[in-house]
Student: 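Sharing a structure below in structure tokens format, with a few things to ask.
Computation of the quantities below employed the complete heavy-atom set of this structure, encompassing side-chain atoms and omitting hydrogens, waters and symmetry-equivalent molecules. Each chain gets a letter, A, B and so on, in the order its sequence line appears, and its residues count up from 1.
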There are 2 protein chains.
Amino acid sequence: MDITIKDIARIAGVSTATVSKALNNSALVKPSTKHKINEIAEQMGYQPNIAAKSLVSKKSRTIGAVWPNVDRATLTTLATKINDEFNKNGYSMILSINPAESAIQLFNQIQVDAILVFDRSDPNSYAGPIASKVPVLCYGEPASKGFPSVYVDRRKAMFKAVEYLWSLGHRKITYIGDVSNKRISQQEKHIGFTDGVIEFGLTTHPSMIVNSNGLESNEGYKAALKLLASSYKPTAIISGTYDLTVGILRALQQENKRVPQDISLISYDNIPQMESLPTAITAVGGPIDGIAKKVVESVLCMIDKQEQLPLLQTVEPELVKRDSCRSCSGEINKN
Amino acid sequence: MDITIKDIARIAGVSTATVSKALNNSALVKPSTKHKINEIAEQMGYQPNIAAKSLVSKKSRTIGAVWPNVDRATLTTLATKINDEFNKNGYSMILSINPAESAIQLFNQIQVDAILVFDRSDPNSYAGPIASKVPVLCYGEPASKGFPSVYVDRRKAMFKAVEYLWSLGHRKITYIGDVSNKRISQQEKHIGFTDGVIEFGLTTHPSMIVNSNGLESNEGYKAALKLLASSYKPTAIISGTYDLTVGILRALQQENKRVPQDISLISYDNIPQMESLPTAITAVGGPIDGIAKKVVESVLCMIDKQEQLPLLQTVEPELVKRDSCRSCSGEINKN
DNA sequence: ATGAAAGCGCTAACAC
DNA sequence: GTGTTAGCGCTTTCAT
């Protein structure tokens, strides 16, 4: 860092206090002085020193985000949105790909105003509460690590998916998801599906739920192939994630099953990318924009008021209809 | 931030200067005092204020990384490695997913010690040099934006791939890559391939190069299908990226082509994930560990000595043999 | 409307 | 070995 408000003050022939006020657009400075100072700052290429600023003001207008080292399309899309939203509010977001504990410690030292944890943690690896002076918000897992969290009700989302398919006349539906995954977010999808199965009295079958044993597209591909090879012939599939859906579509195409003519498909993950798949996929999940808004809003609220946020804020899932489902006049529900 | 060295000093009955020295493990403090101070700091949960530290010392021991908003497996793997490497050297890395220009500005304000740009920029979007007091290193594109860079010689990498296949007896080879991509990194792969074609006098064919029109696995899939439908019957394929390879493998499997029995396959991107594909894939590319070391080393060098780094540091590509290539006693080279 | 001065938490001379 | 002091760049009373 080279040029400081002192330099500007000297050149403008005013005090540093005035420069500071002018640069912060204080009403206490005559417009003409303000203008002059801004011009000088501009042409000298002045960059405020955030370290100094936050040392005195206790505010850095910076948010620290803890980022998981796995990359999943959905999270990236969301993070980009949240980043934009913070920018709009005059905040900058910086990420750390260190483990949560050390990332949070780092952010405390850097003096960010708040911390946002994109949580992917395996609950088994939970090592007790993490200390943080700076307020922390979690996204992804409900109330994980003891911090307040924003969470999409995946259980309800999946129920909605079943409900929608039911309303279209589907009676044989399969869920493909990472059923053995220990994360709450994955388990809730599973439960939401069975909620629907029970609510609508669907006849069960061993292949009604296919375990993808993972969340990558290739695993969706394999699961779908397994399903198609089974005796169960569902008229609709519900997929647990975007990536799985990509794989499922590939398997379907390979086996000459058209979507939605031969089989309907709904995916979890309410992201724009669903639009660009070979068939535009009908999806359920928290609306990205809505989540981003809620998250940013919550973080800013933590910063402004010192009050503690509720431990769990739920985002209502939405169903976005596209081209991958069609009504089904197929076989009648046995019950 | 609550507790400061002042508090510690008071409790320990020493001056803040001594506390500062003790905490920084200076040799000028009696071991017993040092020990006492460290204990007090520990149990009070003292966290140093980086803002204050860097304000006075002009060093934050923090590296800012500019992160592209597209996620590609290779970059993530590399970033994780680099992050670890920085940690080992007592540095923290923070990322920004803002556009390069604003990210660099942010990092200058935060007073990071150096900036690392993971470059994915379209050269057409190049908006002239970006100002930065803090030293900047680019990874990904050669000397992009006018900053010194670490770059893997992709041209040589692809040449090596052809050379290796040639040595195994292959004479009909296809390159599947994003040939229309304007980024130097993609173009160099293309050129490296043709280098090999010319060097070894391979007979050309319209389907010798298949444009994937993108870098996603689905595009690799489609390109491979197109290739298989053509009149060209190569004995080996060279793929431009990991993601393309994933798609190519899927297409091959679908068409009942076994790797390497029916066709050999080499991929660019020298990452561990190659090992876990259905067939362990022989790959060329910069070794992740080597790149990470070079990058971190270069960054630290920029910080320590004030000298400017060479504008272009090249990382030598390596060929890692796995199970996806086999020698070919097929048809003889026409020349 | 502007300036003087104090101080944020820390380090680095320099003195003792 | 330890303490004193000054000051990093900035904001913020409080005077003027």
Side-chain angles (χ1 to χ4, degrees), chain A residues 1-38 40-41 44-62 90 106-113 133-134, chain B residues 1-38 40-41 44-62 90 106-113 133-134:
Chain A
M1 202 80 329
D2 239 342
I3 110 124
T4 73
I5 55 169
K6 237 186 217 164
D7 302 313
I8 299 179
R10 195 168 19 77
I11 295 187
V14 296
S15 74
T16 60
T18 305
V19 174
S20 172
K21 283 169 199 152
L23 258 21
N24 289 298
N25 204 16
S26 156
L28 304 173
V29 184
K30 211 198 320 185
S32 64
T33 340
K34 201 186 279 185
H35 185 251
K36 187 172 67 177
I37 291 174
N38 277 314
I40 296 176
M44 294 185 77
Y46 169 74
Q47 296 276 55
N49 181 328
I50 297 215
K53 256 181 131 119
S54 72
L55 183 57
V56 51
S57 68
K58 305 292 187 201
K59 289 271 157 273
S60 58
R61 296 199 79 79
T62 301
L106 169 66
F107 287 139
N108 269 274
Q109 295 178 171
I110 293 188
Q111 301 269 75
V112 299
D113 293 344
K133 296 269 179 203
V134 173
Chain B
M1 201 81 327
D2 238 341
I3 109 123
T4 74
I5 55 169
K6 237 186 218 164
D7 302 314
I8 300 180
R10 194 166 22 77
I11 295 186
V14 296
S15 74
T16 61
T18 305
V19 174
S20 173
K21 283 170 199 151
L23 258 20
N24 289 299
N25 205 16
S26 157
L28 304 173
V29 184
K30 206 191 338 180
S32 63
T33 341
K34 200 186 282 185
H35 185 250
K36 186 172 69 177
I37 291 175
N38 277 315
I40 295 176
M44 293 185 77
Y46 170 74
Q47 295 276 56
N49 181 329
I50 298 214
K53 255 181 133 120
S54 71
L55 183 58
V56 51
S57 69
K58 305 292 186 200
K59 289 274 158 272
S60 59
R61 295 199 80 79
T62 302
L106 170 66
F107 287 140
N108 269 274
Q109 295 179 170
I110 292 190
Q111 302 269 74
V112 299
D113 293 344
K133 296 271 178 203
V134 174

Student: Quickly work out the B/Lys34 NZ to D/dT2 C1' distance and round it to whole Å.
Tutor: 14 Å
Student: Measuring to OP1 and OP2 of D/dC8, would you say a side-chain N or O of A/Asn49 lies under 4.0 angstrom away?
Tutor: no
Student: Between NZ of A/Lys21 and OG of A/Ser15, what distance do you get to the nearest 0.5 Å?
Tutor: 6.5 Å
Student: What's the separation between atom NZ in B/Lys58 and atom CD in B/Gln111, rounded to the nearest 0.5 Å?
Tutor: 6.5 Å
Student: Mind calculating the distance between CD (A/Gln47) and P (D/dC8) to the nearest angstrom?
Tutor: 20 Å
Student: How many whole angstroms separate atom NZ of A/Lys58 from atom P of C/dC8?
Tutor: 8 Å
Student: Can you tell me how far the CD1 atom of B/Ile110 sits from the CD atom of A/Gln47, to the nearest 0.5 Å?
Tutor: 11.5 Å
Student: Separation of A/Leu55 atom CG from D/dC10 atom C1', in whole Å?
Tutor: 8 Å
Student: Rounded to whole angstrom units, what separation is found between the NZ atom of B/Lys59 and the C1' atom of C/dA12?
Tutor: 15 Å
Student: Output one line per pair: protein atom, nucleotide atom from nucleotides 3-7 of chain D, and distance, for all N/O pairs under 3.5 Å.
Tutor:
residue : atom : partner : partner atom : Å
D/dG3   : OP2  : B/Ser15 : N            : 2.8
D/dG3   : OP2  : B/Ser15 : OG           : 3.3
D/dG3   : OP2  : B/Thr18 : OG1          : 2.7
D/dG3   : O6   : B/Lys21 : NZ           : 2.7

Student: Report the distance from atom OH of A/Tyr46 to atom C1' of D/dG9, rounded to the nearest whole Å.
Tutor: 7 Å
Student: Reckon B/Thr4 has a side-chain N or O less than 4.0 Å from the OP1 or OP2 of C/dG9?
Tutor: no
Student: What's the angle between the local helix axes at either end of the helix from C/dA1-D/dT16 to C/dC16-D/dG1, using five pairs per end and rounding to 10 degrees?
Tutor: 40°
Student: Report the distance from atom CG of A/Asn108 to atom NZ of A/Lys133, rounding to the nearest 0.5 Å.
Tutor: 8.5 Å
Student: Could you pick out which residue, B/Leu28 or B/Lys53, lies toward the 5' side of DNA chain C when each is mapped onto its nearest nucleotide?
Tutor: B/Lys53
Student: If every non-hydrogen atom of A/Ala41 is compared with every non-hydrogen atom of A/Leu23, which pair is closest and at what distance?
Tutor: CB-CD1, 4.2 Å
Student: I need the A/Arg10 CZ to A/Ile40 CD1 distance, nearest 0.5 Å.
Tutor: 10.5 Å
Student: Within the 4.5 Å heavy-atom criterion, are B/Tyr46 and B/Ile8 side-chain neighbours or not?
Tutor: yes
Student: Report the residue from A/Val56, A/Ile50, A/Asn49 that forms a side-chain contact (heavy atoms from CB on, under 4.5 Å) with B/Leu55.
Tutor: A/Asn49
Student: What is the distance, to the nearest angstrom, from the CD1 atom on A/Ile110 to the P atom on C/dG9?
Tutor: 18 Å
Student: I need the CD-P distance between A/Gln109 and C/dC10, as an integer number of Å.
Tutor: 11 Å
Student: Would you say A/Thr33 reaches C/dT2's phosphate, i.e. side-chain N/O to OP1/OP2 under 4.0 Å?
Tutor: yes
Student: Looking only at heavy atoms, which two atoms of B/Asp7 and B/Met44 are closest? And how far apart?
Tutor: CB-CE, 4.2 Å
Student: Which of the following nucleotides, D/dC8, D/dC10, D/dT2, is nearest to the side chain of B/Lys30?
Tutor: D/dT2
